[in-house]
Amino acid sequence: MAARYAFLVPGQDAAAEGWNLAGRLLSKRRMGKTIFADLADRTGRIQLYVRKDETGEDGFADWNDLDRGDLIGVRGYVFRSKMGEITLHVISFEVLGKALMPLPDKWHGLVDVEKRYRQRYVDMIVNPDVRDTMIARSRLIAEMRRFIDGYGFYEVETPTLLHVAGGAAARPFETHCNALDQIMQLRIATELNLKRLIVGGLERVYEIGRIFRNEGIDTTHNPEFTMLELYAAYWDVRDMLEFNEALIANLVSVVTGGGSELTYGDAGISFARPFARIAYLEGMSRFSDGKFTRERLLDSNGAAGILRELGLPESPTHGHALDKIFERVVEPHLIAPTFVTDYPVIISPLAKRKAGDSDIVDRYELFCARMEISNAFTELNDPDDQRARFEAQVAERAKGDEEIPEPDWDFVRALEYGMPPTAGIGIGVDRLIMLLTGHQSVRDVLVFPLQRQHG
RNA sequence: GCGCCUUUAGCUCAGUCGGUAGAGCAGCGGCCUUUUAAGCCGUUGGUCCCGGGUUCGAGUCCCGGAGGGCGCACCA
């Protein structure tokens, strides 16, 4: 509207052209026999202008009865006000929906975080940033699909309700299926089912789906969240890394209008390709001034010793210890987008071993702003190796690591029918959206973040 | 789960040393024909998060509880 009527000078109108608009009345300024008001819809906001000499006594009284928050339709023509604002000179209006509840303070808006999350509908009316973020989220996910589809991938939908939730290390939500009279779990990953589809011959599949993990809630964790998982037959982890880098760079380009720089918190982050790369063990060594060597880390007692050196509590398993050490030693340095490659096999139960180094797998994780954004590896397709790793997990689970899932033995059987060499990736969509829209809390990129009942 | 902070009018916030509840906006009644946080005059509105306790007297101090935020723990 502003662009279309840019040619108007203050006081000038375009009365020949009529407009019908609908939206929510966000403010009303009465000035004697004139009213100025602001009308908002999803595309933006426009000022309205009403004159008593045109509406008549009754019509003007009807305007006085309108409240902030009412939904109205208006008819009129555009002019530029004395103060230079493009304004709709209203000829007639009708009420489309009455607001009974008053809107929050027009200047301070709604600030109370609890109320904002619990009453998102109000939050979105008065805080345009929330709406903008949700629109950006929608656009970015659409762009992800477009980009992925361009590579010939098929989008699929696998079950959320499972008998055994596997494919990741996390505690599941449990529920009960009345028809089957069986305990069910909500999925903690889409991994195993997507790989079954690879066995079945789809060759390039992905799912952007809701994942549920029955764990803590904080600024980077919501119990239900959205994950993109994607698998490509005949790709290896290097192909996936290239794809991953191109995907992220593309999204940054979309969000910046062709650029490669983002500001996140107080850090400026460059997504110019190529992103940084560092091997897992090399990172451990570099950020510990060479103290934490491959030999120590890959040895169960050595890792336990490092934990003590760092003053961290004892870990139930060797893998758990490595995660803790990495988190403390390396993660804080990973602000620019960085691919951490060559993970140890002990923390990668579903990844294929690297040729020529049986302790290491073909895997990487992409970190950015200290957040893990994606995790990818060449998938293990040897059923015997997979069975052995599941058996090892059973032992770990017995030692007390509750996050380790029960093995999905049918998955081993699927592998026995033959799975092509395949690379897979998981991307935490919510965190990616946080990064791309500059938000510090997942709750800000979720329409309805989980809150405790009763408030 | 632990620690710190927080909760007062529809919204945003004050409330001193413990003395009986305030402002702005919104609402309501007026004035005002180019305002935009419009302005001016008047006015309504309170489970001070909940429950105990101390005190002549508690929004204020103490204990317990609830919601929320942040940090830690947990956790891709």
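Just so it is clear, the values below take in all heavy atoms, side chains as well, and ignore hydrogens, waters and symmetry mates. Throughout, a chain's letter reflects where its sequence line sits, starting with A, and its residues are numbered from 1.
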(message) Ignoring hydrogens and geometry beyond distance, is a side-chain donor-acceptor pair present between Q119(A) and Y121(A) at under 3.5 Å?
(response) yes
(request) Determine the contact category for Q451(A): base if any of its heavy atoms lies under 4.0 Å from a base atom, sugar-phosphate if only primed atoms, P, OP1 or OP2 are that close, otherwise nothing. (result) sugar-phosphate
(message) Testing the 3.5 Å rule here: is there a donor-acceptor pair between the side chains of T190(A) and E207(A)?
(response) no
(request) Indicate yes or no: does D430(A) engage R137(A) in a salt bridge with an N to O separation below 4.0 Å. (result) yes
(request) Figure out the CG/P separation between N127(A) and rU12(B), and round it to whole Å. (result) 10 Å
(message) Rounding to an integer number of Å, can you tell me how far W107(A) CH2 sits from rG39(B) P?
(response) 11 Å
(request) Check whether any side-chain nitrogen or oxygen of R29(A) sits under 4.0 Å from OP1 or OP2 of rU35(B), and answer yes or no. (result) no
(request) Quick one: look up who rU60(B) pairs with, Watson-Crick or G-U, both distances under 3.5 Å, and put none if it's unpaired. (result) none
(request) Kindly point out which of rA73(B), rG67(B), rG69(B) is positioned nearest to the side chain of D218(A)? (result) rA73(B)
(request) Kindly say if R51(A) contacts the phosphate of rU33(B), meaning a side-chain N or O under 4.0 Å from OP1 or OP2. (result) no
(message) Donor-acceptor pair, distance only, cut-off 3.5 Å: does the side chain of E245(A) make one with the backbone of F275(A)?
(response) yes
(message) Let's test this: given Watson-Crick or G-U wobble pairing with both distances under 3.5 Å, identify the partner of rA66(B).
(response) rU7(B)
(request) Report yes if at least one side-chain N or O of R30(A) is closer than 4.0 Å to OP1 or OP2 of rA38(B); otherwise report no. (result) no
(request) With heavy atoms under 4.0 Å as the rule, sort H89(A) into base, sugar-phosphate or nothing. (result) nothing
(message) What is the separation between atom NZ on K324(A) and atom P on rC74(B), rounded to the nearest whole Å?
(response) 4 Å
(request) May I ask you to decide whether D362(A) forms a salt bridge with K352(A), counting only side-chain N to carboxylate O separations under 4.0 Å? (result) no
(message) Using only modelled atom types and a 3.5 angstrom limit, is any donor from either the side chain of E327(A) or the base of rC75(B) paired with an acceptor on the other?
(response) yes
(request) Pick the C1' atom in rC61(B) and in rG67(B), then give their distance to the nearest Å. (result) 23 Å
(request) Name the pairing partner of rU34(B), where a pair is Watson-Crick or G-U wobble with both distances under 3.5 Å, or state none. (result) none
(message) I'd like to know if R370(A) pairs up with E327(A) as an ion pair, taking the criterion as any Lys NZ or Arg NE/NH1/NH2 lying under 4.0 Å from an Asp or Glu carboxylate oxygen.
(response) no
(message) On the nucleotide rA26(B), are OP1 or OP2 found under 4.0 Å from the side-chain N or O atoms that K106(A) carries?
(response) yes
(request) Go ahead and name the base partner of rU43(B); Watson-Crick or wobble counts if both distances stay under 3.5 Å, otherwise write none. (result) rG27(B)
(message) Under 4.0 Å, heavy atoms only, any strand: does R116(A) hit a base, just the sugar-phosphate, or nothing?
(response) nothing
(request) Name the residue closer to the 5' end of RNA chain B, choosing between R80(A) and A168(A) according to the nucleotide with the nearest heavy atom. (result) R80(A)
(request) Please measure how far the P atom in rU6(B) lies from the corresponding atom in rU44(B), and state the result in whole Å. (result) 33 Å
Would you list the protein and nucleotides 7-11 of chain B atom pairs, both N or O, that sit under 3.5 Å from each other?
{"unit_1": "rC11(B)", "atom_1": "OP1", "unit_2": "K115(A)", "atom_2": "NZ", "d": "2.4"}
{"unit_1": "rC11(B)", "atom_1": "O2'", "unit_2": "D105(A)", "atom_2": "N", "d": "3.2"}
{"unit_1": "rC11(B)", "atom_1": "O2'", "unit_2": "G109(A)", "atom_2": "O", "d": "2.7"}
{"unit_1": "rC11(B)", "atom_1": "O2", "unit_2": "D105(A)", "atom_2": "OD2", "d": "3.2"}

(request) Taking atom P in both rC5(B) and rC41(B), compute the distance separating them and give it to the nearest angstrom. (result) 42 Å
(request) Once you apply the 3.5 Å cut-off to both distances, tell me the Watson-Crick or G-U wobble partner of rC72(B), or none. (result) rG1(B)
(message) Regarding F225(A), tell me which of base, sugar-phosphate or nothing describes its non-hydrogen contacts under 4.0 Å with the strands shown.
(response) nothing
(request) Check the distance between rU35(B)'s C1' and K28(A)'s NZ and give it to me in whole angstrom. (result) 14 Å
(request) Using whole Å, report how far CE of M83(A) lies from P of rU36(B). (result) 6 Å
(request) Using the P atom as the reference point in each nucleotide, state the distance between rA14(B) and rC4(B) in Å, no decimals. (result) 22 Å
(request) Send over the distance from M31(A) CE to rA37(B) P, rounded to a whole Å. (result) 14 Å
(request) Say whether, by atom type as modelled, one donor and one acceptor occur between the side chain of R42(A) and the main chain of G23(A) under 3.5 angstrom. (result) no
(message) Considering every strand and a 4.0 Å limit on heavy-atom distances, what is the contact class for T219(A): base, sugar-phosphate, or nothing?
(response) sugar-phosphate
(message) Applying a 4.0 Å non-hydrogen cut-off, can you work out what R431(A) is touching in the nucleic acid: base, sugar-phosphate, or nothing?
(response) sugar-phosphate
(request) Take atom CD1 of I217(A) and atom P of rG67(B), then tell me their distance rounded to the nearest Å. (result) 12 Å
(message) If we ignore hydrogens and angles and just use 3.5 Å, is the side chain of T87(A) paired with the main-chain N or O of E85(A) as donor and acceptor?
(response) yes
(request) Establish whether the base of rU36(B) is bridged to the side chain of S27(A) by a donor-acceptor pair shorter than 3.5 Å. (result) no
(message) Rounding to an integer number of Å, can you tell me how far I46(A) CD1 sits from rU35(B) C1'?
(response) 15 Å
(request) Mind listing the closest non-hydrogen atom pair of A168(A) and R213(A) along with its distance? (result) CB-NH2, 3.4 Å
